[in-house]
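Shown next, in structure tokens, is the structure this report addresses.
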Amino acid sequence: MRFTSSYIPTLRESPADAEVVSHKLLLRAGMVRQLTSGLYCYLPLGLKVINKIADIVRSEMDNAGFQELLLPMVQPADLWKETGRWEHYGKELLRFQDRNARDYCLGPTHEEVITSLVRGEVRSYRHLPVRLYQIQTKFRDETRPRFGLMRGREFIMKDAYSFDADVAGAEKSYAIMKDAYMKIFSRIGLKFRAVEADNGSIGGKFSHEFMVLADTGEDSIVVCPQCDYAANVEVAQNAADVCPCCRARLTRTKGIEVGHVFMLDKKYSEPMRAVFLDEAGSKQVMAMGCYGIGVSRIAAAALEQNHDENGCLFPPPIAPFECVLLNLDCRNMRVNEKIEELYAYLLKAGIDALLDDRDERPGAKFKDADLLGAPMQLTLGGKSLERGVVECKNRRTGEKSEIDLSAFGAAFPAWAAGVRENWGV
RNA sequence: CGGAGCGUGGCGCAGCUUGGUAGCGCACCUGCUUUGGGAGCAGGGGGUCGAAGGUUCAAAUCCUUUCGCUCCGACCA
């Protein structure tokens, strides 16, 4: 993309109503704008980040054998009455009526809808397991929306559901999904932990949360330094000090919940009569699991974990651009020509690059490039062109180097690989 | 829902205590000069101070009500 033909309204100062760093940076970098409390507009760059996250989630869901579908976000009250949640879910469920005075709600989650779909189609154990997911906007009328994208009322979520013939099958689905989650957060490039968690109002037998580690996280977790054990403090009060697995001393840290997997068993399938005939021809209730990822929250969590005083530090897989190309001398035709060559090279090499072709002073361009947080920065101006080099900066480490223009094609891939290596992706 | 704070050009803020019809920085427009870490000079446009009501000769400023936003708490798959 070219800066001059893009809608990237960067801000020099943070709006006063932004408190947390991810919110400030998302606003300043021109990625989101607040419409009202808990509701945000995703601007082109913010949407790019969201889409990159969603693409990674989607590819790992597909790899795990789940199929994408899309359910309505408006849901009839009748379904929620079947499970009793119409009465129990509370005010977070935004309810309203249509012109015929029938009750509906805006979907905060979709167990009822997916169960009603599947129970109408699946008759035999031969059709199980059924594993489905969607990526969609959810609405929860939070008591106190806050921290920008971290806790909005409307947010983008990936929700997956599995239906198996028995609990053993459901546990297998659960394990597959948990494994897919590990891959997703690794691919995105975040430091995270899977922790044992409380089931909350979704219910079910057991669950794990996926926590992005950040000092500003709302959740407290305990982690074992020696084994894989980690838990939300909500479920670890008794074992506050020692690991139940290896008896090592647990350490406490903060996390942001970006994913949650639940073993639901028959919590929804039983009251909603999601049944099938087993091999013996007798009626059985399906065993379910449900699995959520907060796609839009990941964008915020990534920044809570990765930023510095100059702006965003996006992991390469989800950065709005992998590379920003700074033309420091837009009125120098030779610089323009050369930088177009570099830009064309990057695009051909599959690098998502932003060419800053604005007729701005160098300082403004450096500031914006740092703010946007693309992991790689390439700078060309009259001075560097005369010396026959392009300057390269690793945004995260601040490390600067130069590549000979004559050997750019040969040297760039190695430098780019080094930058990605810094992120472990 | 309980507690606290805030609402003044696009953004950040001052003015309010001690009423006299609005100011600064950034951004924006024009011109000239500049051009390697948010340029300089000159000129210019834009707000009636969240809204409603009240007190007063006169309200951004005082009083009442109301709406909105933020933070702390409670709540949160």
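Here is how names work: the chains are called A, B, and so on, in the same order as the sequence lines, proteins then strands, and each is numbered from 1.
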>> Just the rounded figure in Å: distance from C1' of C76(B) to CZ of Arg85(A).
In response: 14 Å

> Does the pair Tyr291(A) and Phe262(A) meet the rule for a ring pair (Phe, Tyr, Trp, His ring centres under 6.0 Å), with working shown?
Replying inline: CA-CA 6 Å; Tyr291(A) 320 91; Phe262(A) 297 87; 8.5 Å; no

> Think Arg361(A) has a side-chain N or O under 4.0 angstrom from the OP1 or OP2 of A39(B)?
Replying inline: yes

>> Please report the interatomic distance CG(Leu39(A)) to CD(Gln34(A)), rounded to the nearest 0.5 Å.
In response: 8.0 Å

> Rounded to the Å, how far apart are Phe155(A) CZ and C76(B) P?
Replying inline: 15 Å

>> Using the side-chain heavy atoms of Ser37(A), tell me which of these nucleotides is nearest: U70(B), G12(B), C75(B).
In response: U70(B)

> Just how far, in rounded Å, is P of U70(B) from CZ of Phe147(A)?
Replying inline: 11 Å

>> Between Arg144(A) and C72(B), is there a contact of a side-chain N or O with OP1 or OP2 at under 4.0 Å?
In response: yes

> Between A74(B), C26(B), C11(B), which nucleotide has the shortest distance from any of its atoms to the side chain of Glu13(A)?
Replying inline: C11(B)

> How many Å lie between CG on Leu11(A) and P on C11(B), as a whole number?
Replying inline: 8 Å

> Quick one: Glu257(A) CD to C76(B) P, roughly how many Å, whole number?
Replying inline: 12 Å

> So does Asp370(A) reach the base of G37(B) with its side chain, donor to acceptor, closer than 3.5 Å?
Replying inline: yes

